[in-house]
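Before any comments, here is the structure.
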2 protein chains.
Amino acid sequence: MRIPATERRTALIDAALRVVSRNGIAQATTRAIVAEAGMSLASFHYAFDSRDELIDELITTVVDRERDAVIPDLVPGQDLRDILEAGFLRYLDHLKSDPEHEQAMLELTQYALRSPERHPLAVRQYARYAELAEHSLEVAAAHADVAWSVPVEQVARVLVAFTDGLTLTWLVDRDDAAAQAIARAAADAISRLADTR
Amino acid sequence: MRIPATERRTALIDAALRVVSRNGIAQATTRAIVAEAGMSLASFHYAFDSRDELIDELITTVVDRERDAVIPDLVPGQDLRDILEAGFLRYLDHLKSDPEHEQAMLELTQYALRSPERHPLAVRQYARYAELAEHSLEVAAAHADVAWSVPVEQVARVLVAFTDGLTLTWLVDRDDAAAQAIARAAADAISRLADTR
DNA sequence: GTCTATACACCGATAGAC
DNA sequence: GTCTATCGGTGTATAGAC
């Protein structure tokens, strides 16, 4: 069957993400990826010059795709702290529903960190996270009728860092109660970076 | 030269840690490790049954070795928040002085997370982190003459999570100012989990 | 016990038939 | 364009000389 190159590329990237999620990046060999995509090995090198090229595309694609910033249901009368905590808890639900995906994202970051040429991909990944966090923070502040007392980009970095810590801890311990305590503390900390308008 | 098996094992583990730190766990092949240790390939399999066995030993060893909980210089009159912030900043200095080591620790965690048999190693690693954090938190609270209002083990989990987030963010962005802002927010959050005695 | 030499599996990548 | 077959290299692990 004849398939356009771009279609094959996206199919391979999707397959690669599934393999990385399921088995880790170390197991994401060209053979494993084409098997997942139901293609022959040669098709791989028709669509991509090299495995490295696919991994790079995988990282950029998966980062671009990251859309659903965690914006909690906004209940009238909630203060900032509550909104943030609800946001963290909602993220936690997402993490629990698909832990392999977040684990894959972490692995891709660390993979990128290991080579100077790829390091910028990790930087972009985190810039994107910060961008999404920033948007959520602006929505939250507006809804709680407060203003950030530090530049919101800076608050966003804190939010991303706390989220990473939450993710790692939960992935290791799978301890919901501990994760909720972290979410509470993080929401508390971040809410203190705003002033009543 | 005849070397006792236990000595060879520790030499190989030390070499492995250097290779993982420098080049990542994916590059920590038996060949790379024996080259680092200045041994022949056969010596490896005389000391260890398999590469997996060495990696497992590496994780447990490196976790047991983790000793220096970050206890900041305690200046009289400092309140809890200041002590904690100083602790985070001190950790940040450590991270900056040897980023590869912390990166290696993260990689080892994620490696362990990828197989059910090794998952307990990651759990132990984080239990050890929490233990060290707990000790620091008790010293800090005593010095500031306050008491934790939540069980200190729970506070320790939060501390570990925030430290992880700080680590990842700095490793990606190498942005000292952003890291300091995270440290400040984290110290603030944790200090609110204590009450004046 | 320690080495060199090698077995064997699997990797990324390509040649060449169709 | 797409496949099967295969190359060259590297990984873990071992055999066998010393």
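As a basis for the values below, the full set of heavy atoms in this structure was taken, side chains included, without hydrogen atoms, waters or symmetry mates. Numbered from 1 within each chain, the chains take letters A, B, ... in sequence-line order.
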Taking [atom1] from [X] and [atom2] from [N], how many angstroms apart are they, rounded to a whole number?
X: L12(A); N: dT2(D); atom1: CG; atom2: C1'; result: 13 Å
X: F44(A); N: dC11(C); atom1: CZ; atom2: C1'; result: 12 Å
X: I33(B); N: dG11(D); atom1: CD1; atom2: P; result: 11 Å
X: I55(B); N: dG11(D); atom1: CD1; atom2: C1'; result: 13 Å
X: R2(B); N: dC3(C); atom1: CZ; atom2: P; result: 12 Å
X: D52(A); N: dC11(C); atom1: CG; atom2: C1'; result: 13 Å
X: D49(A); N: dT14(C); atom1: CG; atom2: C1'; result: 13 Å
X: M39(A); N: dC3(D); atom1: CE; atom2: P; result: 9 Å

From [options], pick the nucleotide closest to the side chain of [X]?
X: R31(A); options: dC3(D), dC11(C), dT2(C); answer: dC11(C)
X: A42(B); options: dA13(C), dT2(C), dT4(C); answer: dT4(C)
X: T29(A); options: dT2(D), dG1(C), dG12(C); answer: dG12(C)
X: Y46(A); options: dT2(D), dC3(D), dA13(D); answer: dT2(D)
X: H45(A); options: dA13(C), dT2(C), dA13(D); answer: dA13(C)
X: S43(B); options: dC3(C), dG1(C), dA13(D); answer: dC3(C)

Cut-off 3.5 Å, side chains only: do Y129(A) and Q125(A) have a donor facing an acceptor?
yes
Mind telling me whether F162(A) and F162(B) have parallel, tilted or perpendicular rings, with 30° and 60° as the class edges?
parallel
How are the rings of F44(B) and F48(B) set relative to one another: parallel (under 30°), tilted (30 to 60°) or perpendicular (over 60°)?
tilted
Between T30(A) and dG12(C), is there a side-chain N or O to OP1/OP2 distance below 4.0 Å?
yes
Strictly below 4.0 Å: does R8(B) bring a side-chain N or O up to OP1 or OP2 of dG1(C)?
no
Identify, between P4(B) and A28(A), the residue whose nearest nucleotide on DNA chain C lies closer to the 5' end.
P4(B)
Answer yes when D188(B) and R192(B) have at least one side-chain N-carboxylate O distance shorter than 4.0 Å, and no when they do not.
yes
Quick check: closest heavy atoms across A28(B) and I33(B), and the distance to 0.1 Å?
O-CD1, 3.7 Å
Just to be sure I understand the rule, does L41(A) reach a base, reach only the sugar-phosphate, or reach nothing, if contact means heavy atoms closer than 4.0 Å?
base
